[in-house]
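Worksheet: one structure, shown below.
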Amino acid sequence: MLAIRTSAGRRRKAGALAAAAVLTGLAVPSLTAAPAAATTHDYDTTYYKNAVGKTGTALKSSLHTIVSDQTKISYSAVWDALKVTDQDPANSGNVILLYSGVSRSKSLNGGDTGDWNREHVWAKSHGDFGTSTGPGTDLHHLRPEDVQVNAVRGNKDFDDGGSAVSNGGGSLTDSDSFEPRDAVKGDVARMIFYMAVRYEGGDGWADLEVNGSVNNGSNPYIGKLAVLKQWNDEDPPDAFEEHRNQVVYDTYQHNRNPFVDHPEWVEAIW
Ligand SMILES: [Ca+2]
Ligand SMILES: [Ca+2]
Ligand SMILES: [Ca+2]
């Protein structure tokens, strides 16, 4: 079986068609735009032992149990954590801002124009969880973002379309939705799917779920499901996203985003 090993130890099995093409000397079809292929991962026999082989609600339930075993951090501790998880690989003094793609000094965290702040990719009003320790401080969906771009995203749901966001790196928005730049579309989708699995109505928090709507308001939902699934396929995990997942696991929360390790589990559940 052909396998391509990625930076974080993920192995992607190439399809039979690609294998046959290699054997006969034909061009190998691109795999990048196809739905996420089945993968194996270094954590399959340990962390994901009870989830591997399951699908649907059984997989979702198993992953919920696995990722709910975590360390939680305070909202003030999120500042310093983001300076590590989202450090610019090319400049250790900077972080990469999620939607704008800008590299900005770690020291410019704050609330003024030109600063970066803590973006809740799962907008905290959707389920009204605020910033007390819990979903509002979960690093798996918190990213540095420019203060003004963050304000433009606000609490909008995710969907394709709109006009360009000023300094948004190619992100688009309209009255009821936000479309991140292409390079982080999959990151955003996998963060949303993580939150839907991690928060199932226990611990006093709302049951967060993905639906097909925009204008979800303060309901504990974020849309649109079909668009987020497409973004997961179009933008597979890269080295930055995989490294970030590992740092959150090793250093802060000791839980993983399963959809960064196994993007095909999105389709297996939804
Ligand atoms: Ca819209
Ligand atoms: Ca990406
Ligand atoms: Ca849920």
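- Listed here is the closest heavy atom pair of Ala196 and Val210: CB-CG2, 3.9 Å.
- Judged purely by distance below 3.5 Å, without hydrogens or angles, the side chains of Asp261 and His41 pair a donor atom with an acceptor atom.
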Please walk me through it: do Tyr252 and Leu139 pass side-chain contact (heavy atoms from CB on, under 4.5 Å)? CA-CA 8 Å; Tyr252 297 102; Leu139 290 170; 3.6 Å; yes
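- Distance check: Leu208 CG to His141 NE2 gives 8.5 Å after rounding to the nearest 0.5 Å.
- Residues Arg153 and Glu119 meet the side-chain proximity criterion, which asks for heavy atoms closer than 4.5 Å.
- The shortest heavy-atom contact between Ala123 and Ile222 is N-CD1, 3.7 Å.
- Around NZ of Lys54, the count of heavy atoms belonging to other residues, nucleotides or ligands within 6.0 Å exceeds 12.
- Note that CD of Glu264 is 12.0 Å distant from OG1 of Thr55, once rounded to the nearest 0.5 Å.
- Separating the CD atom in Glu200 from the CH2 atom in Trp205 is a distance of 16.0 Å, to the nearest 0.5 Å.
- Using bins of under 30°, 30° to 60° and over 60° for the plane-to-plane angle, the ring pair His262/Trp265 lands in the parallel bin.
- Panel note: side chain Ser74, backbone Ala77; a donor-acceptor pair is recorded below 3.5 Å.
- We find the OG-CG distance between Ser61 and Asn50 to be 10.5 Å, quoted to the nearest 0.5 Å.
- Between the side chains of Gln230 and Lys185, no donor N or O sits under 3.5 Å from an acceptor N or O.
- Panel note: side chain Ser68, backbone His64; a donor-acceptor pair is recorded below 3.5 Å.
- Thr131 places no side-chain N or O within 3.5 Å of a backbone atom of Gly136 that could act as its donor or acceptor partner.
- Between the side chains of Gln148 and Ser166, not a single donor N or O lies within less than 3.5 Å of an accepting N or O.
- Checked for salt-bridge contact, Lys49 and Asp44 miss the test: no charged N lies under 4.0 Å from a carboxylate O.
- Checking side-chain atoms of Trp122 against main-chain N and O of Tyr221 turns up no donor-acceptor pair under 3.5 Å.
- A side-chain N or O of Asn255 and one of Tyr194 form a donor-acceptor pair less than 3.5 Å apart.
- By the 30° and 60° cut-offs, the orientation of the rings of Trp270 relative to Phe193 is tilted.
- Of the possible polar contacts, none joining the Lys83 side chain to the Ser107 backbone as a donor-acceptor pair under 3.5 Å is found.
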Could you check Arg143 against Asp86 for side-chain contact (heavy atoms from CB on, under 4.5 Å), going step by step and ending with a plain yes or no? CA-CA 7 Å; Arg143 293 291 194 101; Asp86 291 77; 3.1 Å; yes
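- Using modelled atom types and a 3.5 Å distance limit, the side chains of Asp157 and Ser177 yield no donor-acceptor pair.
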If you apply the rule side-chain contact (heavy atoms from CB on, under 4.5 Å), what do you find for Val102 with Ile96, and how did you get there? CA-CA 6 Å; Val102 165; Ile96 301 285; over 6 Å; no
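- Put simply, Phe158 and Val227 are part of the same group of oily side chains (I, L, V, M, F, W, Y) that touch within less than 4.5 Å, one to the next.
- Between the Tyr99 side chain and the Gly170 main chain, no donor and acceptor come within less than 3.5 Å of each other.
- Put simply, the side chain of Asn245 gets close to the backbone of Asn257: a donor and an acceptor are under 3.5 Å apart.
- Leu228 is not connected to Val260 by any chain of hydrophobic side-chain contacts under 4.5 Å among Ile, Leu, Val, Met, Phe, Trp and Tyr, and they are in different clusters.
- The neighbour count for Tyr43 OH, taken as heavy atoms of other residues, nucleotides or ligands under 6.0 Å away, is above 12.
- Between Asp176 and Lys156, the closest side-chain pair of non-hydrogen atoms is not below 4.5 Å.
- Looking at Ile73 and Val78, their side chains come closer than 4.5 Å, going by heavy atoms from C-beta outward.
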Does Arg244 form a salt bridge (charged side-chain N to carboxylate O under 4.0 Å, His left out) with Asp187? I'd like the steps, not just the answer. CA-CA 11 Å; Arg244 183 182 203 284; Asp187 308 52; over 6 Å; no
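- Neither side chain, Glu145 nor Asn117, offers a donor N or O lying under 3.5 Å from an acceptor on the other.
- Judged by distance alone, the side chain of Thr251 and the main-chain N or O of Val248 form no donor-acceptor pair under 3.5 Å.
- Here Met191 contributes atom CE and Asp138 contributes atom CG; the two are 11.5 Å apart, rounded to the nearest 0.5 Å.
- Cluster annotation: Val67 is connected to Phe129 through the hydrophobic network of ILVMFWY side chains, with a link wherever side-chain heavy atoms come within less than 4.5 Å.
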For side-chain contact (heavy atoms from CB on, under 4.5 Å), just list the numbers for Leu82 and Val95, CA-CA rounded to whole Å, side-chain angles, deciding distance to a tenth of an Å, and then say yes or no. CA-CA 8 Å; Leu82 292 180; Val95 290; 5.7 Å; no
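- Rounding to the nearest 0.5 Å gives a distance of 8.5 Å between CG of Asp115 and CG of Asp146.
- Side-chain contact between Ile269 and Phe259 is present, with heavy atoms from C-beta onward closer than 4.5 Å.
- The hydrophobic cluster containing Val184 also contains Met195, counting ILVMFWY residues as joined when their side-chain heavy atoms lie under 4.5 angstrom apart, directly or transitively.
- Checking side-chain atoms of His254 against main-chain N and O of Tyr249 turns up a donor-acceptor pair under 3.5 Å.
- Under a hydrophobic clustering in which Ile, Leu, Val, Met, Phe, Trp and Tyr are joined whenever their side-chain heavy atoms come within less than 4.5 Å, directly or via other members, Leu108 and Leu97 fall into the same cluster.
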Determine, stepwise, if the pair His120 / Tyr75 fulfils ring-ring contact (aromatic ring centres under 6.0 Å, His included). CA-CA 11 Å; His120 291 81; Tyr75 198 48; 5.6 Å; yes
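- Under the 4.5 Å side-chain criterion, counting only non-hydrogen atoms from C-beta, Glu209 is not in contact with Tyr199.
- When side chains are defined from C-beta on, Lys224 does not count as touching Lys229, because their heavy atoms never get closer than 4.5 Å.
- A 4.5 Å side-chain heavy-atom check between Asp235 and Arg190 finds at least one atom pair inside the cut-off.
- A side-chain donor from one of Trp231 and Asp160 sits under 3.5 Å from a side-chain acceptor of the other.
- Asn109 places none of its side-chain heavy atoms less than 4.5 Å from the side chain of Arg118.
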